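This one's a predicted model, so the numbers in the text were calculated from it and none came from an experiment. Chain letters run A, B, ... following the sequence lines, proteins first and then strands; every chain starts at 1.
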Amino acid sequence: MRLTRFLLRRTAQGILVVWGVITLVFLLRFITPGSTIDFVAPLDASPELRQRLAEDLGLNKPIYVQYADYIVNLLQLDMGNSLLKGRPASDVIFARLPATLELAIAATIVAILFSIPLGVISATRRHQPVDYGATGFSLIGISTPNFWLGIMLILIVGVNLGWLPTSRRIIGFGPALELLIFEGRTIGIQVWFEHILLPSITLGTYFTALITRLTRNGMLEELGQSYVEVTRAKGLPETLVKYKHVLRNTMIPIITVLGLQMGTLIGGAVITESVFNWPGLGTLIIDAINSRDWPLIQGSLIVIGVGFVVINIVVDALYMYFNPQVTFE
Amino acid sequence: MNWQRVWRSLRAEFGRSPMAKLGVVLILAVFLMAIFAPFLATTNPKAQDLSRANEPPVGFTDTTEDTRLVDGERQTVTVTTRGTLEYPLGTNQLGQDMYSRLLYGARTSLLVGLLGTAIAALAGVSVGIVAGYYGGRVDDGLMRFADVMLAFPALVLAIALIGLLGPRAVDIPDPFVAAGLVSDMPETTVLPLTVTLVVALVNWVWFARVARGEALSVREKNYVKASRSLGASDRRLMLKHVLPNSLTPILVLATVQVAVIILLESALSFLGFSGTTLSWGFDISQGRDLLATSWWISTMPGLAIVVTVIGINLVGDWLRDALDPDIEGESGGGMG
C-alpha cells in the first residue's frame, strides 16, 4: 500500500523529468550551429529541392509548432525517420537496446558478485593482508578509466593469450536462450558468454571497486554500533550477525550511492561499447552525432533519459525495501 | 569557519596517514611534470619522424616482419628494433616521442580538470546557495532543472554537446618558450574550450546539491536569524554566513570532481571529441589499432591517467577523513 502510493508519486515526478528531457533534447537542435537542412540535403541540391525537403521535414514551421508536432509524434512512439538508414528511428534504437541492456546487467552482476563478499571479508579481517589487497584493488579500480582497462584486457587476454574474442556481439542473449531451450544446443550461450565477458568486466570493475569500498566502510561503521553487541549477547551466531543484520543496514548507503552512480553506468556503457565494437545504443549515438542524424540523436537521448528515470525509481523502491523508516515526504 | 582548526586537523590526519603522503607526492609530481614540461621533454611532442615510427620503450625489443626487394626479389626479413634512450617510452605511428607527449598530456588533463572544476563549482555553489537560502519556488524550480540535468549521464550529454557544438580550442602561449628559455618546443598549450565548458556544465549539479543542503541548514541557525532580524541584507548573509560554512564539503567535493573531470576529458578525447591532440585519451585511441604490434602507445598514457587519479583520490580521502563533511554520494572518481 505504502509502496504503491510511493510508486505513483514517483512516477508522476518521473514523467515531469521526462518532459524536461524531451524539451531539452528538442532544443538541442536549435543551439547547434549550421541549419539542419544543410545536413539533410545533398550538396548539389537545387534551392527548390532544399525548399521541398525542408517543407517535408517541417523545418519551415515556427518553433512552437515544431515542438508541438514533436511531442504529439513522440506520444505515438514516432521519433521520425533516421536520415541515414531511412528507417523509423525507433526501430533502429529498439533493435540496439537489448545489447546495451545485456551489457549493463552483466556488469552489475559482476560488480555485486565480487564486491559485497570482498567488502565484508575486508571489513571483518581489518589490517590483514586480505584487507590491504581489497583496499588497494578498490583504490585502483575507481581510478582507472574503463576504456583503457578494456584496451588492456584486449591486449592481454585477447591479443597476447588469445583466449577470448575482443569485439562484436555475434548472438544476443534471447536467440542464444532459444537455441538452448528449443534445440538443446549450448553453443549459442557459450558464444554469447565469450563475447560479453570482457566488456562486462570492463564496465563492471569501477562498480566492483566502488561497492567494495562502500561495503567495507559501511560494515566497519555498523560493527561499532551497540546493537551488534546486543545481537551477539543474545547468542546469535557470528555469521548471522554479520550477514543478516549488519549487511542489511550497510546496504542503505550502498543503494543511495548506486542510485547516484547510475549515470556513470550508462555513460560507461557508451564508451565500453565503443572499445569492443558492441552494437548497442552507445555506438549508435556516437555514429548518429558524427553524421548529424537528428531523429536518431534525439531518439537515443530520450530513450537513455527515460531509462535513467526508470532505473532511479527502481533504486528508490529498493531503498524503501531496505529501510522501512523512509517515507519520501 | 575556524581555519585554524581546519588546518590543525588536516595536519594531524596527514601525519597519521601514509596514503595521504603518497597522494600528495603523486599530485606534486604530476603538477611539476605539467608545469615544466618544456624543460623535461626531450623532443617536441608534435615533431614527427616517420623513419622512427613505432619504436619500443627503452629496454624492450620489437620484432616485425617486413617484405623488401633484395636483388629484384621479394624477401621477408625479420626486423628487430631496440628501444633507445632517445625515446625512453617509445614512439607512436608518426614517430612522435611518447615520453614528451606524456608530459604535455599532463598539461591538458590538469588544465581541463582544474578549470572545469572551478567553473562548475562557481556556477553550482551560486545556484545552490540561492536555492537553499530562499527556498520555496526558487528552490523548486532550480532543483527540478537539476533533476533534468541529472537525467542525462554526464558522458552522453557531453558527447552530444561537443559533437554538435564542434570542438573549439584556445591557444595559450607557453611562458617559458615566450621568454626564450627553451626552444624547439610548442609555442602554445592548447586549452580545449568546448570540452572544459561542457565538463563544467555536466558537473555543476553536484556542487549545487551540496551547497543547497548547507544553505538550508545554516539558514535555520540562530545567529543567522539574529543577523537577519538586525537588518543584514540577503546578499550579506549569503556571502558572510552561508558561503563560509559550505566551504569544507565543497572543497572535498571539488577534489573528487577534479578526478572525475580528468577521467571525463580522457574519455572524450579517446572518442575523438576534443580540441587538442596532446591528450592522454587521444594517445590511447591512437594506439588502439596497433595493440598487436605496438602495445606501449596505449599503455603509457593510460598508466599516467591511473597514477594521476589515484593521487587525487588519495588527497580526497585525506581531506574527507580530516574534515569529515557529510557529503551525499560519497566518493567516486567515476567516468561521469
Indicate yes or no for a side-chain donor-acceptor contact from A:Arg96 to the backbone of A:Gly280 under 3.5 Å, with no hydrogens or angles considered. yes

Max heavy-atom pairs within cutoff under 4.5 Å with chain A, candidates B:Gly272, B:Gly287, B:Gly163, B:Gly311, goes to B:Gly163

Pair A:Val275-A:Trp148, side chain to side chain contact (heavy atoms under 4.5 Å, CB included): steps then yes or no: CA-CA 9 Å; A:Val275 171; A:Trp148 182 71; over 6 Å; no

Go through the atoms of A:Leu301 and report whether side chain, backbone, both or neither lie under 4.5 Å from a heavy atom of chain B. both

Select one option (side chain, backbone, both, neither) describing which atoms of A:Val270 are under 4.5 Å from chain B's heavy atoms. side chain

Which one of A:Ile151, A:Val18, A:Val159 has the most heavy-atom pairs closer than 4.5 Å to chain B? A:Ile151

Interface moiety of B:Leu271 toward chain A, non-hydrogen atoms closer than 4.5 Å: side chain

Among B:Leu303, B:Thr308, B:Leu157, which has the most heavy-atom pairs under 4.5 Å with chain A? B:Leu303

Side-chain donor/acceptor of B:Thr196 to backbone N/O of B:Val112, under 3.5 Å: no

Pairwise distance CG(A:Leu164) to CD1(A:Ile154) - rounded to 0.5 angstrom: 11.0 Å

Can you confirm whether or not the ring centre of B:Phe60 sits under 6.0 Å from the ring centre of B:Trp296? no

Region of B:Leu161 that comes under 4.5 Å of a non-hydrogen atom in chain A: side chain

Which of the residues A:Ile286, A:Asn160, A:Ile285 is involved in the greatest number of heavy-atom pairs with chain B at under 4.5 angstrom? A:Ile286

Taking the six-membered ring for Trp, is the centroid-to-centroid distance between A:Phe26 and A:Trp294 below 6.0 Å? no

